[in-house]
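Taking it in order: structure first as structure tokens, then the write-up.
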Amino acid sequence: MLFKRIVTMISRLNPSNPIEIRPIMKFSNLFVPTLKETPKDAEVVSHQLMIRAGLIRKSAAGIYSYLPLGLRVIQKFEAIVREEMNKAGAQEVLLPMVVPGKLWKKSARWDQYGRELLRFTDRKNQDFCLGPTHEEVITELIGSHITSYKQLPINVYQIQTKFRDEIRPRFGVMRSREFVMKDAYSFHETPEDLDLTYEAMHKAYVRIFERCQLRFKVVNADSGSIGGSESAEFMVTADTGEDEILETDSGYAANVEAAETVAIPDPEMEVGQPEAINTPGTKTIDALATFLNKSPETLVKTLIYITDDQEPIMILLRGDHTLNEPKLKNVLNGKGVRPAKEAEIVDICGVTPGFLGPLKTQKPCQVLVDHSVPLNGDLTVGANELDTHIVHVQLSRDCGLTERYDLRNAVPGDESPQGGTYKSTRGIEVGHIFKLGDKYSLAMDKTFLNANGKTAPFIMGCYGIGIGRTVAASIEQCHDEKGIVWPTELAPFHVDVIVAKPKDPEHTAIGDQLYKALLDSQWDTILDDRSDISVGVKFKDAELIGFPVQCVIGKITSETGEVELIKRDTGDRVSVKPDQVLSTINSWLIT
RNA sequence: CGGGGUGUGGCGCAGUUGGUAGCGCACCAGUUUUGGGAACUGGGGGCCGGAAGUUCGAGUCUUCUCACCCCGACCA
């Protein structure tokens, strides 16, 4: 070791003695720690295969190192993203990862964002955070330098490592705390101009994911904590996906969070007088339904939430429905909410959960009713008294309620306002585009002068793609029992030249020749020149890692002088003369 | 943050009523192998997650901690 280092030093000093270069495109030099066994802490296939194929290694929960092969895949995808973003008129920047706290205080998100924002102080005791997203930084930057409508629109993006201190990181690189993301931000004079860029980004995203040969859906979405009006998510379809998508035959699709429901009719009707009845131990809707021999949809479910400013909110849903928190938040004009704790519920209603209702609460409380619950209907609600419910309640008459809202989660089989009925599929969210409007430019007080010489806030859009996540989604969608099956554009190398008998100088020579010829072509090529292992290992590794093409110099070469080409996705095998290798690969990989 | 689980060589695991740590893979050396994760021989490697306690003696029992994983609320 030491000797080698000295030799290297001497060779550096003496130009006539060239430094020995070890190309990393040779397996014998490449750091690819493949694993025969599946690591026990990897749950989903993409995570298992990324570790087994030597793409990534875990450093801490939700924090990973990318190894040479994994990095190459990431870089391939980044290159596609760059190309399409640039083509769509965006320009690349690199914003700081460590963000001054004062920027986040300016937008008020320092207090809103919660513990996902990793905060710390420097030696001068100044607040900082690790950027989980960069609206503040970019608004400050662009807003400080763009002062006229003549300089608009502008669309900037970066590809950068973000950090979100997730409550529960999981699924490897798919939901990690540290992750690489492409985020773009556009600035406009008018909402109409934003529409143009939003559409351009939409088209660019479609092209990006199509180039990766992903099966995906564009879906209506809730804009979440980032804020803003319209937003769409790009979902790679996969049964293991974390998101539920509801779609109709007419082609409309939405994230469950955003899927709207239809109000059920609420005709005027006569209802008898309210009557308290004894319902011992019926703490759940199911128990109550069984006890009263009624179906859950005729019962009312009462939930208590607390807003960010500590106001209690009572939500009334049909017994068989569940609350959609983003919808509640939207009804409250974006105010944050959380479920009330038991002690708070007792404080507000005077009873523990199970017997809650809108009548006779201990404390006044805003009541919101889902539009599946008829205000004029004959309903059963909790009495705010232990083991008691009230029947024959008419919300319009007994509680003076007049408004209904869309508050519940849609479920498969529901009618969609867009026509047709919903059915459910699952997906992995790999991209998200938003119309932000003036939310951040107002918060950060960033304006420009418009054509009329008037001050106006920037109208903004923002557009994200999860880089690591997309790579994982691709594996999730394209693998078999042997390993990964890369689409051509993402493969770390396109061709794996396997020399089955490295001891045979003739074979080694053919391998070297093919390797060099392929290096001069458009195909990224790696040479499996390892001499100390059996062929079987080389085949297994090639399949595990998922190179689109294996080029084997071995038994067949000795017999006929031909080399064997194996296509990973179909398993097709052909034997060709060495001078036909390139044309065969071209015919296989160029679509 | 609630519920469940796991921590023992690089990886996957075993370890009995407490008696001083073992297996497979991987690794190193040598010989023989070479079209499907080779065979034989010989080796190297472990404060048994950490701390405290019980005991003559703790991987094993007790308490406390930490880390990681899985199921639910956040998000690219």
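Order of the sequence lines sets the chain letters (A, B, ...), proteins ahead of strands, with each chain counted from 1.
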Stem list, RNA chain B (Watson-Crick or G-U pairing under 3.5 Å, at least 3 consecutive pairs)
B:1-7 with B:66-72, B:10-13 with B:22-25, B:27-32 with B:38-43, B:49-53 with B:61-65

Which of the following nucleotides, B:U34, B:A76, B:A73, is nearest to the side chain of A:Glu325?
B:A73

Rounded to whole Å, CG of A:Leu35 lies from C1' of B:C27 at a distance of 14 Å

For A:Asp529 versus A:Lys26, what's the shortest heavy-atom pair and its separation?
OD2-CD, 3.5 Å

Rounded P spacing from B:C25 to B:U20 in Å:
26 Å

Euclidean distance for C1', B:U8 against B:C47 (whole angstrom)
12 Å

Does a side chain donor of either A:Glu476 or A:Ser474 reach within less than 3.5 Å of an acceptor in the other side chain?
no

Gap in Å between the two C1' atoms, one belonging to B:G46 and one to B:A29, rounded:
22 Å

Side chain of A:Lys36 (C-beta onward), nearest among B:A73, B:G35, B:G37
B:G37

Can you tell me, in whole Å, how much space there is between the P of B:A26 and that of B:U62?
38 Å

Mind checking whether A:Tyr198 and A:Tyr463 have parallel, tilted or perpendicular rings, split at 30° and 60°?
tilted

Would a distance-only check, ignoring hydrogens and angles, find a side-chain to backbone donor-acceptor pair under 3.5 Å from A:Arg164 to A:Arg177?
no

With salt bridge (charged side-chain N to carboxylate O under 4.0 Å, His left out) as the criterion, how do A:Glu564 and A:Lys555 come out once you've worked through the C-alpha distance, each side chain's angles and the decisive distance to 0.1 Å?
CA-CA 9 Å; A:Glu564 188 177 32; A:Lys555 198 171 61 185; over 6 Å; no

Selected nucleotide, minimal atom distance to A:Val537 side chain, candidates B:A38, B:U33, B:A73
B:A38

Heavy atoms under 4.0 Å, any strand shown: does A:Ile533 hit a base, just sugar-phosphate, or nothing?
base

Taking atom types as modelled, find out whether A:Asn255 and A:Glu233 have a side-chain donor-acceptor pair closer than 3.5 angstrom.
yes

Round to the nearest Å and state the distance from A:Ile51 atom CD1 to B:C69 atom P.
10 Å

Hey, does A:Arg573 reach any base, or is it just sugar-phosphate, or nothing, if we go heavy atoms under 4.0 Å?
base

If you check every side-chain atom of A:Glu116, which of B:C74, B:G36, B:G12 has the closest atom?
B:C74

Check: A:Glu37 side chain, B:G24 base, donor-acceptor under 3.5 Å
yes

Does A:Arg168 make a side-chain N or O approach to OP1 or OP2 of B:C71 shorter than 4.0 Å?
yes

Could you label the plane-to-plane angle of the A:Tyr113 and A:Trp104 rings as parallel, tilted or perpendicular, counting under 30° as parallel and over 60° as perpendicular?
perpendicular

Rounded to whole angstrom units, what separation is found between the CG atom of A:Asp504 and the C1' atom of B:G35?
14 Å

Per atom distances to the A:Arg164 side chain, the nearest of B:C75, B:A73, B:G24 is B:C75

Min side-chain heavy-atom separation A:Val471-A:Ile74 under 4.5 Å:
yes

Within the 4.0 Å heavy-atom criterion, would you say A:Val552 contacts the bases, only the backbone, or no part of the nucleic acid?
base

Counting only side-chain nitrogens and oxygens, does A:Lys501 get under 4.0 Å of the OP1 or OP2 atom of B:G35?
yes

With respect to the phosphate group of B:U34, does any side-chain polar atom (N or O) of A:Ser534 fall under 4.0 Å of OP1 or OP2?
no

Pick the C1' atom in B:C1 and in B:C23, then give their distance to the nearest Å.
40 Å

Taking the P atom of each, how far is B:G7 from B:U60, in whole Å?
12 Å

Table of protein N/O atoms under 3.5 Å from nucleotides 7-9 of chain B N/O atoms:
none

In terms of the nearest nucleotide of RNA chain B, which residue is placed more toward the 5' end: A:Glu429 or A:Asp41?
A:Asp41

Separation of the P atoms in B:G50 and B:C66, to the nearest angstrom:
15 Å

So, A:His432 versus A:Ser231: side-chain donor-acceptor pair below 3.5 Å or not?
yes

Looking only at side-chain atoms of A:Glu166, point me to the closest of B:G37, B:C74, B:U34.
B:C74

A:Ile167 near the nucleic acid: base, sugar-phosphate alone, or nothing, with a heavy-atom cut-off under 4.0 Å?
base

Between A:Lys58 and B:C69, is there a contact of a side-chain N or O with OP1 or OP2 at under 4.0 Å?
yes

Students often get this wrong, so: under 4.0 angstrom with heavy atoms, is A:Ile556 touching a base, only sugar-phosphate, or nothing?
base

With the side chain defined as heavy atoms from C-beta on, A:Asp243 is closest, among B:C68, B:C75, B:G37, to B:C75

Per atom distances to the A:Lys540 side chain, the nearest of B:G72, B:G36, B:A76 is B:G36

Just the rounded figure in Å: distance from P of B:C25 to CG of A:Leu544.
19 Å

What's the CZ-C1' distance between A:Phe171 and B:A76, to the nearest Å?
15 Å

Using a strict cut-off of less than 4.0 Å between a Lys/Arg side-chain nitrogen and an Asp/Glu carboxylate oxygen, indicate whether A:Arg175 and A:Glu242 qualify as a salt bridge.
yes

Report yes if the ring of A:Phe539 lies under 5.5 Å from the six-membered base ring of B:G35 with planes under 30°, and no otherwise.
no

Judged by each residue's nearest nucleotide on RNA chain B, which is more toward the 5′ side, A:Val430 or A:Ala60?
A:Ala60

Without decimals, in angstroms, what is the distance between A:Arg115 CZ and B:A73 P?
17 Å

Under a 4.0 Å threshold between the charged nitrogen and the carboxylate oxygen, would A:Arg82 count as salt-bridged to A:Glu78?
yes

If we take the C1' atom in both B:A38 and B:G24, what is their distance in whole Å?
16 Å

Salt bridge present between A:Lys435 and A:Glu230 (N-O < 4.0 angstrom):
yes

May I have the distance from A:Arg175 (atom CZ) to B:G72 (atom P), rounded to whole angstrom?
12 Å

Rounded to whole Å, please give me the gap between NE2 in A:His432 and P in B:A76.
6 Å

Candidates B:G37, B:C69, B:G36 - which lies nearest the side chain of A:Ala61:
B:C69

Could you work out which one of B:C70, B:C75, B:G37 sits closest to the side chain of A:Arg52?
B:G37

Please classify the nucleic acid contact of A:Ser176 as base, sugar-phosphate, or nothing, using heavy-atom distances under 4.0 Å.
base

Heavy-atom donor-acceptor pair, A:Glu543 side-chain to B:G37 base, under 3.5 Å
no

So what does A:Gly468 touch, heavy atoms closer than 4.0 Å: a base, only the sugar-phosphate, or nothing?
nothing

If you measure only the distance, is there a donor-acceptor pair under 3.5 Å linking the side chains of A:Asn155 and A:Tyr157?
no

Looking at A:Asp569 and A:Lys567, does any basic side-chain N land under 4.0 Å from a carboxylate oxygen?
yes

